[in-house]
Amino acid sequence: MTGPQRDSSVQSVGRTFEVLEAIARLGGAASLSEIAAAVGRPAPSVHRLVRTLVPLGYVRQDASRRYALAPGLIRLGDAAARQLGIAANPVLTGLVDAIGESANMAVLDGTHALYVAHVAGRHAMRMFTEVGRRVPLHSTGVGKALLAQLPESEAATLLTSSGMSSITDHTVTEVDQLLHELSGGSALGYFVDSGEQEIGVSCVAVPVPGAPVPTAISISAPTPRMTPDITRRSAAVLRAAAESLAAQFAA
């Protein structure tokens with residue numbers, strides 16, 4: 001396929017993804033006119049695209065004729081997350097070799113962090129994180145590293161909509177307080193969770209720049225082993241690992 005026909009096909013693919021991303025941004029279910037306004041295209045053109053996506057299982061239409069993302073996209077998202085985790089495994093293994101503690105990777109998944117990769121530490125007592133587990137943003141090191149990659153207003157909206165429940169006595173439950181902590185963590189270059197998600201467990205995390213979605217990597221360990229010195233060493237090793245991953249994404 002060459003010339004105008006190929007260009008038209010490429011444009012159609014691009015517009016299809018514009019529609020999917022617009023529905024995701026609008027949240028819940030959106031009318032055809034709302035989607036058209038969001039992508040800046042005529043409603044009949046948007047309707048043709050949506051009508052193609054519905055039978056494929058990527059968009060669904062409810063009884064009020066509004067459109068929402070459909071479960072078919074979950075299959076694609078899960079597959080993409082698994083591939084991202086596979087690519088990260090050698091880097092996480094390097095973290096374990098350098099520090100000895102368990103290493104993880106997580107991506108932003110709506111109002112939660114989704115673990116997509118994990119390499120267990122070398123100690124007899126070590127942290128295990130189940131790949132595919134979703135955890136709150138406000139109470140985890142990876143969650144904070146993910147939030148820090150967003151504009152402050154967007155981070156505040158996510159925290160408000162998810163609800164900052166008290167998971168342990170150490171969990172921060174006020175939006176302003178956590179935003180202040182995120183600012184401090186950004187200045188330091190790393191984020192910590194000290195028993196905020198699980199008593200006796202601490203975590204150090206950093207963002208991964210240039211990833212296709214907001215991504216963070218972390219090292220977790222029993223709190224007694226996460227001394228200030230280990231925290232600083234872990235942060236330095238994590239930042240180097242994040243730069244290595246960023247180079248992979250840029251290649």
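Only this structure's heavy atoms are used, side chains among them; waters, hydrogens and symmetry mates stay out.
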Check against side-chain contact (heavy atoms from CB on, under 4.5 Å), F191 and V204: CA-CA 6 Å; F191 303 84; V204 185; over 6 Å; no
Please evaluate residues H138 and V172 with respect to the criterion side-chain contact (heavy atoms from CB on, under 4.5 Å), reporting the C-alpha separation (whole Å), side-chain torsions for both, the decisive distance (0.1 Å), and the verdict. CA-CA 7 Å; H138 71 289; V172 176; 5.8 Å; no
Could you walk me through whether H118 and S102 pass side-chain contact (heavy atoms from CB on, under 4.5 Å), step by step? CA-CA 7 Å; H118 170 77; S102 299; 3.7 Å; yes
For a side-chain hydrogen bond (donor to acceptor under 3.5 Å, both in side chains) check, start with the C-alpha distance between T223 and S202, then their side-chain angles and the critical distance, and finish with the verdict. CA-CA 5 Å; T223 297; S202 292; 2.9 Å; yes
Begin from the C-alpha positions of N104 and S218 and carry the test side-chain hydrogen bond (donor to acceptor under 3.5 Å, both in side chains) through to its verdict. CA-CA 5 Å; N104 315 285; S218 69; 3.1 Å; yes
Does the pair V96 and T93 meet the rule for a side-chain contact (heavy atoms from CB on, under 4.5 Å), with working shown? CA-CA 5 Å; V96 174; T93 299; 5.6 Å; no
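The heavy-atom pair separating I217 from A242 by the smallest distance is CD1-N, 3.7 Å. In terms of heavy atoms, T140 sits closest to P136 at OG1-O, 2.7 Å. Between R239 and G189, the closest heavy-atom pair is NH1-O, 3.5 Å. The nearest pair of heavy atoms linking V39 to E18 is CG1-O, 3.6 Å. Here the closest heavy-atom approach between residue S162 and residue T111 is recorded as CB-CB, 3.7 Å. Closest non-hydrogen pair, A216 versus V142, comes out as CB-O, 3.8 Å.
Classification of E196 and K144 as a salt-bridged pair holds, one side-chain N sitting under 4.0 Å from a carboxylate O.
In this structure, CZ on R133 lies 10.5 Å from NE2 on H112, to the nearest 0.5 angstrom. Expressed to the nearest 0.5 Å, how far OG of S45 lies from NE2 of H47 amounts to 11.5 Å. Note that the CD atom of Q61 and the CZ atom of R65 stand 5.0 Å from one another [nearest 0.5 Å]. Taking CG of L238 as the reference point, atom CD1 of I219 lies at 4.0 Å (rounded to 0.5 Å). Atom CD1 of I99 is separated from atom OG of S220 by 12.5 Å, given to the nearest 0.5 angstrom.
The side-chain heavy atoms of L150 and L108, taken from C-beta on, include a pair separated by under 4.5 Å. Put simply, the side chain of D176 does not reach to within 4.5 Å of the side chain of E174, judged on heavy atoms. Taking the side chain as every heavy atom from C-beta outward, R225 and E101 approach each other to under 4.5 Å. Looking only at side-chain heavy atoms (C-beta outward), I199 and H170 come within less than 4.5 Å of each other. Annotation: side chain of E154 is in contact with side chain of P151 (closest heavy-atom distance under 4.5 Å). No side-chain heavy atom of T52 sits under 4.5 Å from any side-chain heavy atom of V54. The shortest side-chain heavy-atom distance between T160 and T157 does not fall under the 4.5 Å cut-off. Taking 4.5 Å as the limit, every side-chain heavy atom of M226 sits out of range of all side-chain heavy atoms of V192.
Side chain of T215 to backbone of A211: no donor-acceptor contact under 3.5 angstrom is found. Not one N or O on the side chain of E181 forms a donor-acceptor pair closer than 3.5 Å with the backbone of Q177.
Each of L146, L245, V213 was compared with V208 under the side chain to side chain contact (heavy atoms under 4.5 Å, CB included) criterion, and only L245 meets it.
Linking ILVMFWY residues whenever their side-chain heavy atoms come closer than 4.5 Å, directly or via other members, places V206 and M105 in the same cluster. Under a hydrophobic clustering in which Ile, Leu, Val, Met, Phe, Trp and Tyr are joined whenever their side-chain heavy atoms come within less than 4.5 Å, directly or via other members, V107 and L92 fall into the same cluster. By the criterion of side-chain heavy atoms lying less than 4.5 angstrom apart, applied directly or through intervening Ile, Leu, Val, Met, Phe, Trp or Tyr residues, L137 is not grouped with I167; the two fall into different hydrophobic clusters. Side-chain heavy atoms closer than 4.5 Å link hydrophobic residues (I, L, V, M, F, W, Y) into clusters, and following such links, even through other members, never connects V135 to L158. No path of Ile, Leu, Val, Met, Phe, Trp and Tyr side chains, each step under 4.5 Å between heavy atoms, connects V119 with Y115, placing them in separate hydrophobic clusters.
Under the side chain to side chain contact (heavy atoms under 4.5 Å, CB included) criterion, R60 pairs with D62, A68, A70, sequence neighbours left out. For S139, the side-chain hydrogen bond (donor to acceptor under 3.5 Å, both in side chains) test picks out Q197, with sequence neighbours left out.
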Considering only distance and modelled atom types, tabulate donor-acceptor pairs under 3.5 Å from the side chains of residues 19-37, sequence neighbours left out.
{"from": "S31", "atom 1": "OG", "to": "S33", "atom 2": "OG", "distance (Å)": "3.1"}
{"from": "S31", "atom 1": "OG", "to": "E34", "atom 2": "N", "distance (Å)": "3.2"}
{"from": "S31", "atom 1": "OG", "to": "E34", "atom 2": "OE1", "distance (Å)": "3.4"}
{"from": "E34", "atom 1": "OE1", "to": "S31", "atom 2": "N", "distance (Å)": "2.9"}
{"from": "E34", "atom 1": "OE1", "to": "R66", "atom 2": "NH2", "distance (Å)": "2.9"}

